[in-house]
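Worksheet: the structure to be examined is printed underneath.
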Amino acid sequence: MVLLDIFDPKAPPRPIGIDLGTTNSIVAHMRDERPVALTTCDGTALLPSVVYYGDHGNVLVGASAKSYASLHPERTLASVKRFMGRGADDLETTRLAAHRLAPATTPDEAKVVRFDVGGRTVTPVEVSAEILKSLKQSALDQLGTVGGAVITVPAYFDDAQRQATKDAGRLAGLEVLRLLNEPTAAALAYGLDKRQNGLFAVYDLGGGTFDITLLRLEDGVFQVKSTGGDSALGGDDMDRRIAEEMLDAMGASEAAARTPEIVALVLGAARSAKHGLTDALEVTVELPKRGGGTIVYGIRRPHFDELIEPLLERTGRACRRALRDAGMEPSELDGVILVGGSTRVPRVRSFVEETFGKVPLADIDPDLVVAYGAAVQAQLLADSSDEVLLLDVLPLSLGVETMGGGVDKVLPRNTTIPAGARSTFTTYADNQTGFEIHVVQGERELAKDCRSLARFTLKGIPPMPAGMARLEITFHVDENNLLKIEAKELTTGVCQEIEVKPSYGLTDDQVEAMLLDALDHGEEDFEARRLADAKVEGSRMALATQKALAADADLLSADERARVEAALSELRRAVQGATHVGSVQRCIDALDDATHEWAGRRMNRAIQSAIGGRSVEAIGESVAHARGVEAHLLEHGALPVKES
Ligand code: ADP
Ligand code: MG
């Protein structure tokens with residue numbers, strides 16, 4: 001029995017948490033056991049969830065994209081989260097929104113919302129991916145490496161919306177470890193999971209959406225008891241209330257005066273005024289007047305509170321409904337958490353207190369609290385692996401290296417254990433008396449990129465022509481996570497067995513890192529594997545042709561022989577040095593072509609000689625000696641070749 005020591009892990013990539021918001025997005029990570037927001041490309045923690053598509057294929061994200069909203073409203077996309085996982089049919093028309101929808105020309109296209117951005121069509125998933133890409137880049141710049149990501153979604157997101165969010169993550173090159181409900185993330189950020197049990201309300205008023213969620217914590221696990229809200233209610237509505245007043249004051253009451261450019265400008269001014277009112281009791285703004293000149297618009301906090309009261313009432317109704325749905329009284333709540341930039345508004349805070357009869361938790365920045373919780377969760381996922389994994393499924397595939405450096409996956413990842421599987425191989429060279437068996441673990445296509453678990457040699461196979469020996473490798477993983485490998489040469493019964501303790505000792509984040517790695521390299525791996533396989537096929541064919549030349553060259557005319565030899569040396573060169581599978585394949589085809597007729601003649605001769613009493617083995621043996629197959633293959637054994 002061989003127990004192998006485990007290789008040193010490479011430094012694990014850093015997990016990140018992402019709040020992919022309707023209005024703003026944030027990326028955070030854990031530093032010294034505390035969540036910290038990373039600086040985005042805008043130089044702030046908050047990245048506006050806005051994407052601008054320029055006319056030369058250039059894409060801008062964040063504040064720079066937002067600055068185009070008034071100049072090129074049709075090329076600037078905001079609030080696309082509303083469209084995630086939605087079909088063109090189930091759209092609510094978004095008031096005062098500038099984006100244009102691309103008409104669907106096929107039923108398939110109608111299944112997804114598509115935006116027309118200056119002649120180019122993009123889907124919400126693609127737009128979200130641009131935002132995620134930007135956040136990932138910021139994280140990379142600051143952390144060096146980025147591991148998996150936890151991305152948050154509203155608790156009410158359905159399967160299609162969640163899938164769309166995952167797709168956006170993948171499209172951005174992120175390994176999405178998990179989607180996490182936003183309210184749960186907020187509760188995690190407050191460390192509420194450290195309590196044993198509790199009942200919490202999460203009041204999330206963002207830019208364009210309001211969500212109320214009632215969570216029950218039971219033995220450290222959060223359960224959504226009920227959700228409610230309004231997908232068209234948020235800080236933007238407050239902006240609109242102020243903007244209406246501003247437009248009136250500017251003399252732009254009628255629709256004709258409200259061009260997208262003016263609307264975008266006034267909405268921006270209204271938002272600044274609203275933000276100002278969070279800290280000050282009064283704010284004044286200078287605005288252009290219709291027909292020239294400027295006006296000064298002033299607003300005081302009590303008036304603003306009045307303007308937004310109907311909006312708050314709507315949130316109150318949703319809260320009461322959610323309580324009713326969960327069968328709970330406000331008095332039963334252990335805490336109320338404020339989430340979303342709009343809960344900064346003083347009147348919102350007092351309103352929540354009135355509604356639930358409780359002073360809400362608001363110590364953590366309501367803009368960042370969801371991203372913080374995502375970072376906490378991402379780190380938890382990475383850490384839960386410090387101990388040895390006790391899994392009932394294989395975390396990574398187990399396989400055998402084959403000739404050429406590829407991997408034959410005997411037991412694929414996620415197989416439930418205990419499990420067993422076998423795979424059959426054959427010899428590469430004539431008279432090969434041993435197999436070198438290399439057991440690897442991982443998802444990559446080439447053995448050198450996987451983790452090496454064991455190497456052993458199966459010896460004592462009698463000399464046979466290439467392809468005659470039959471090596472059967474059986475993997476068995478028992479309930480104790482022990483991997484037992486049996487290698488048996490079937491024609492002779494020569495057999496060897498070893499035991500390995502595989503992954504076990506690999507931490508979750510190492511497993512994730514390996515999966516991420518496989519994902520990152522998927523395409524190049526596939527190419528490398530095809531090249532490696534083509535080279536093996538090429539060299540087997542070259543050996544076979546060499547063998548045939550030694551035995552049956554007399555069946556060729558001088559011209560034919562020259563052609564075969566030229567094609568053979570071309571193929572050898574390709575096997576040695578080619579970097580593209582195509583060039584190896586072309587040489588294989590050329591040699592196949594050159595030897596085609598000759599093969600027919602050889603077949604006839606073989607049949608005749610068989611009738612004449614010579615055995616195929618005898619031919620093989622004499623040819624091998626004549627040619628002198630690489631001596632080390634005979635002595636040490638070669639990697640197995642997958643039997644097709
Ligand atoms: P989302 O979850 O939709 O991405 P956020 O949680 O980032 O939204 O909230 C954005 C909203 O918060 C915007 O309407 C913004 O105007 C509002 N907001 C941000 N800061 C303040 C502030 N200081 N006072 C009032 N509203 C604010
Ligand atoms: Mg939010």
Side-chain angles (χ1 to χ4, degrees), residues 17-28 37 40 42 44-51 61-63 66 69 78-84 94 96-97 127-128 131-132 135 151-157 165 180-186 189 202-213 227 229-243 267-281 283 299 301 304-305 307-308 311-312 315 337-352 362 364-374:
I18 293 178
D19 172 4
L20 182 60
T22 311
T23 319
N24 296 301
S25 296
I26 296 120
V27 57
T40 65
D42 284 348
T44 53
L46 261 61
L47 180 74
S49 305
V50 184
V51 180
V61 180
K66 209 167 148 184
S79 300
V80 291
K81 185 173 177 176
R82 294 176 174 289
F83 303 101
M84 291 293 269
T94 322
L96 290 169
V127 182
S128 298
I131 297 166
L132 292 172
L135 295 174
I151 304 178
T152 57
V153 289
Y156 60 78
F157 255 25
T165 306
L180 179 66
N181 285 335
E182 287 161 11
T184 306
V202 181
Y203 181 101
D204 180 350
L205 192 58
T209 52
F210 167 65
D211 302 318
I212 175 71
T213 312
T227 66
D230 193 326
S231 60
L233 178 61
D236 297 348
D237 295 281
M238 303 181 184
D239 303 349
R240 280 184 207 111
R241 301 271 157 142
I242 302 176
L267 282 176
R271 177 181 284 215
S272 317
K274 175 186 73 176
H275 288 194
L277 285 172
T278 291
D279 300 314
L281 285 171
V283 169
I299 180 165
R301 198 188 279 169
F304 172 65
D305 291 351
L307 282 182
I308 65 171
L311 304 174
L312 297 182
T315 71
I337 304 171
L338 292 184
V339 176
S342 299
T343 61
R344 286 233 166 81
V345 173
R347 176 58 194 138
V348 173
R349 297 198 169 190
S350 61
F351 181 85
V352 174
I364 303 181
D365 190 329
D367 285 320
L368 307 180
V369 65
V370 168
Y372 283 176

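First listed ligand is number 1; within each ligand, the first listed atom is number 1.
The single protein non-hydrogen atom nearest to atom 7 (O) of ligand 1 is Asn24 ND2, 2.9 Å, given as residue, atom name and distance. With respect to atom 20 (N) of ligand 1, the closest heavy atom belonging to the protein is Arg344 NH1, 3.4 Å. Residue, atom and distance of the protein heavy atom nearest to atom 5 (P) of ligand 1 are Gly341 N, 3.6 Å. Scanning all protein heavy atoms for the shortest distance to atom 2 (O) of ligand 1 gives Gly206 CA, 4.0 Å.
Gly234 approaches Ser342 most closely through the heavy-atom pair C-OG, 4.5 Å.
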- Message: Walk me through whether Tyr203 and Thr343 qualify under side-chain hydrogen bond (donor to acceptor under 3.5 Å, both in side chains).
- Response: CA-CA 8 Å; Tyr203 181 101; Thr343 61; over 6 Å; no
- Task: Would you check, one step at a time, whether the test side chain to side chain contact (heavy atoms under 4.5 Å, CB included) holds for Leu311 with Phe210?
- Result: CA-CA 10 Å; Leu311 304 174; Phe210 167 65; over 6 Å; no
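The residue from Met238, Lys274, Arg82 that puts a heavy atom closest to atom 14 (O) of ligand 1 is Lys274. Among Gly207, Ser25, Pro346, the residue whose heavy atom sits closest to atom 8 (O) of ligand 1 is Gly207.
Near Gly340, with a cut-off below 4.0 Å to any heavy atom, the atoms of ligand 1 are 6 (O). For ligand 1 and Gly235, the ligand atoms under 4.0 Å from any heavy atom of the residue are 14 (O). Those atoms of ligand 1 that come under 4.0 Å of a heavy atom in Gly21, given as number and element, are 4 (O). Atom numbering of ligand 1 starts at 1 in the shown order; those under 4.0 Å from a heavy atom of Ser342 are 11 (C), 12 (O), 14 (O), 17 (C). Those atoms of ligand 1 with a heavy atom of Thr23 less than 4.0 angstrom away are 1 (P), 3 (O), 4 (O), 8 (O).
Using a 4.5 Å heavy-atom cutoff, the side chains of Lys274 and Ile242 are in contact. Put simply, the side chain of Pro346 reaches to within 4.5 Å of the side chain of Thr278, judged on heavy atoms. At a threshold of 4.5 Å between non-hydrogen side-chain atoms, the residues Phe83 and Val127 do not count as touching. Side-chain contact between Leu46 and Leu368 is present, with at least one heavy-atom pair separated by less than 4.5 Å.
Checked by distance only, ligand 1 and Thr22 come closer than 3.5 Å through their nitrogen or oxygen atoms. Annotation: His275 places an N or O atom under 3.5 Å from an N or O atom of ligand 1; distance criterion only. Taking distance alone, with nitrogen or oxygen atoms compared against 3.5 Å, Thr278 approaches ligand 1 more closely than that limit. Residue contacts with ligand 1: Leu205 is placed with no nitrogen or oxygen under 3.5 Å of a nitrogen or oxygen of the ligand (distance criterion only).
Listed for the Thr44 side chain is no donor-acceptor partner under 3.5 Å among the backbone atoms of Thr40.
Using a 4.0 Å cutoff on heavy atoms, Gly234 does not count as a contact of ligand 1.
Using a 4.0 Å cut-off between charged side-chain N and carboxylate O, Arg344 and Asp365 make a salt bridge.
Here Ile18 contributes atom CD1 and Leu180 contributes atom CG; the two are 12.5 Å apart, rounded to the nearest 0.5 Å.
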